[in-house]
2 protein chains.
Amino acid sequence: MISVLLVGNGNVATHLHTAFLKADTIVVTQISSRNLKNIPSADLTIIAVSDDAIAEVSSKINNKLVVHTSGGCSISELKNENNKGVFYMLQTFSKGKEVNFCEVPFCLEATNKNDQQLLDKVAKSIGEKIYEVDSEQRKALHVAAVFVNNFTNHLYKIGNDICTEHKVPFEVLFPLIKETASKIEFLSPKKAQTGPAVRKDKKTIKNHLDLLDENQQEIYQLLTKSIQNSVD
Amino acid sequence: MISVLLVGNGNVATHLHTAFLKADTIVVTQISSRNLKNIPSADLTIIAVSDDAIAEVSSKINNKLVVHTSGGCSISELKNENNKGVFYMLQTFSKGKEVNFCEVPFCLEATNKNDQQLLDKVAKSIGEKIYEVDSEQRKALHVAAVFVNNFTNHLYKIGNDICTEHKVPFEVLFPLIKETASKIEFLSPKKAQTGPAVRKDKKTIKNHLDLLDENQQEIYQLLTKSIQNSVD
């Protein structure tokens with residue numbers, strides 16, 4: 001059995017706690033990061049707190065292996081005295097929505113082979129997709145995730161705004177959105193690119209710009225230019 | 001039985017032909033748009049050709065109801081003498097990949113009730129999601145589709161580029177991409193927005209910008225600004 005201590009009570013900590021409770025090989029305890037007076041010992045301590053709090057919380061923990069769950073922070077953000085690592089799950093966690101951990105990529109980092117194996121075992125107790133990712137690679141993944149998640153979601157919002165303004169139901173676009181997302185699994189995004197930008201269809205581009213507000217126009221023009229430059 | 005004549009031999013015409021062949025209530029014929037000397041008569045003639053060719057091809061057809069399949073063109077682009085309409089399917093069609101027409105939204109436009117009912121019947125013979133959409137609404141949908149499909153795909157490409165440059169497999173991002181796309185069906189994109197932009201996390205934004213090339217930085221900054229303005 002591996003003992004896991006979870007520190008934090010946000011979405012990530014809560015979803016992990018639920019998952020570990022079901023794992024045969026894990027004994028899990030969860031504590032709040034606001035009450036660090038009596039910290040239980042554990043084989044693995046997972047700090048799932050906001051990026052800004054990682055340094056302070058970790059400095060108060062003397063357990064043997066302490067990891068954080070942040071995609072945006074380096075391993076060196078941890079200020080505990082013993083071993084350090086990272087247990088980053090590249091997925092969005094929403095309150096109230098169950099997480100299927102078999103679909104979650106675990107990006108693991110440790111400073112020695114033993115710790116890496118322990119993180120591996122713990123991740124495999126609840127998941128299937130396990131990757132070794134160092135701090136530099138994780139930084140790149142985190143930026144890439146902003147493009148494919150945060151920024152993509154903002155493009156959905158603009159699509160929604162355009163539909164609302166012109167009185168068409170946004171749901172008409174759902175199948176297209178899903179197809180666009182699933183296409184990249186068998187076709188590279190470069191090859192999957194379609195539309196007026198890549199066709200250099202000036203007439204359609206002009207018609208589209210006429211329909212947009214200033215902010216939408218600016219985004220339309222910049223992304224169109226970027227698409228055209230990427231195929232030259 | 002309804003007789004349908006398909007004009008064109010691109011992706012849309014070919015996928016429609018395959019689907020209509022399986023429909024009990026439809027007799028379908030397909031002809032090339034390059035050979036318009038002997039045009040068979042039909043209850044419904046569907047012109048599935050490039051936007052630029054719609055006017056010329058339609059001007060040569062004397063059948064009673066002629067429709068085009070373009071999201072970017074108005075109904076007035078048709079130059080036939082009899083009735084006009086639009087039979088627009090809002091989905092990306094790829095060569096070689098089978099289309100599940102039950103998942104395709106049909107956006108139909110006609111100039112009278114009889115024609116609308118005929119288009120409705122024909123769409124229902126192969127599909128399930130039927131919408132009445134006029135030329136103005138379709139124009140808006142077409143622009144919105146550029147944001148949620150063409151531009152989103154370009155953001156995937158940038159994500160892929162960042163991964164390649166930093167030697168992490170792009171597939172690590174697939175579950176996040178899928179989750180982002182499916183989330184909007186139960187949460188509006190405005191409410192689903194997460195990430196450093198909406199949190200106004202200046203430190204992370206700076207770290208991200210340091211990792212990007214000039215073109216990526218420009219897109220990152222504009223979309224970050226747009227996200228921040230949309231929540232103010």
Side-chain angles (χ1 to χ4, degrees), chain A residues 72 90-92 103-105 131 133 136-137 139-141 143-160 162-163 166-168 172-181 184-185 188-190 192-197 204 208 211-212 215 218-219 222-223 226-227 230, chain B residues 72 90-92 103-105 131 133 136-137 139-141 143-160 162-163 166-168 172-181 184-185 188-190 192-197 204 208 211-212 215 218-219 222-223 226-227 230:
Chain A
L90 208 165
Q91 187 52 284
T92 56
E103 281 297 315
V104 174
Y131 300 90
V133 171
E136 278 308 301
Q137 290 174 313
K139 218 166 155 181
L141 267 180
V143 187
V146 167
F147 280 89
V148 305
N149 171 299
N150 302 161
F151 292 164
T152 288
N153 184 72
H154 187 60
L155 296 184
Y156 297 162
K157 186 200 165 277
I158 293 174
N160 195 351
I162 295 169
C163 286
H166 293 87
K167 300 192 175 62
V168 257
V172 183
L173 292 166
F174 288 176
L176 182 65
I177 286 172
K178 268 203 228 165
E179 176 71 13
T180 308
I184 48 153
E185 295 196 22
S188 76
K190 188 165 182 175
Q193 191 65 55
T194 56
T204 302
H208 285 176
L211 216 95
L212 301 172
N215 174 51
E218 211 182 338
I219 293 170
L222 183 60
L223 291 173
S226 178
I227 289 172
S230 75
Chain B
L90 207 163
Q91 187 52 285
T92 55
E103 281 297 315
V104 174
Y131 300 90
V133 170
E136 277 307 302
Q137 290 174 313
K139 218 166 154 180
L141 267 179
V143 187
V146 167
F147 279 89
V148 305
N149 170 298
N150 303 159
F151 291 165
T152 288
N153 184 71
H154 187 60
L155 296 183
Y156 297 162
K157 185 199 166 278
I158 293 174
N160 194 351
I162 295 169
C163 286
H166 293 86
K167 300 192 177 63
V168 258
V172 183
L173 292 166
F174 288 176
L176 182 66
I177 286 172
K178 267 201 229 167
E179 176 70 13
T180 309
I184 48 154
E185 295 195 22
S188 76
K190 188 165 183 175
Q193 191 64 54
T194 56
T204 302
H208 284 177
L211 217 94
L212 301 173
N215 173 50
E218 211 183 338
I219 293 170
L222 183 61
L223 290 174
S226 178
I227 289 172
S230 76

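Just so we're on the same page: letters track the sequence lines, and every chain starts at 1.
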Go through the steps to decide whether Asn149(A) and Thr180(B) satisfy the test side-chain hydrogen bond (donor to acceptor under 3.5 Å, both in side chains), and finish with yes or no. CA-CA 6 Å; Asn149(A) 171 299; Thr180(B) 309; 3.1 Å; yes

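- Interface remark: Ile219(A) contributes backbone and side-chain atoms alike to the contact with chain B (heavy atom separation under 4.5 Å).
- A donor-acceptor pair under 3.5 Å links the side-chain atoms of Gln137(A) to the main chain of Lys167(B), judged by distance alone.
- Minimum heavy-atom separation, Val143(A) to His208(B): CG2-CD2, 3.3 Å.
- Contact of Tyr131(A) with chain B is made through the side chain alone, with heavy-atom distances under 4.5 Å.
- Most heavy-atom pairs under 4.5 Å with chain B: of the set Ala192(A), Gly72(A), Cys163(A), this distinction falls to Ala192(A).
- The nearest pair of heavy atoms linking Leu176(B) to Leu90(A) is CD2-CD2, 3.4 Å.
- Heavy-atom distances place both the backbone and the side chain of Asn153(A) under 4.5 Å from chain B.
- In terms of non-hydrogen atom pairs under 4.5 Å with chain B, the most contact-rich of Glu136(A), Glu185(A), His166(A) is Glu185(A).
- With a 4.5 angstrom heavy-atom cutoff, Val146(A) touches chain B only via side-chain atoms.
- For Ile177(A), the parts sitting under 4.5 Å from any heavy atom of chain B are the backbone and the side chain alike.
- Interface remark: Thr204(A) contributes side-chain atoms only to the contact with chain B (heavy atom separation under 4.5 Å).
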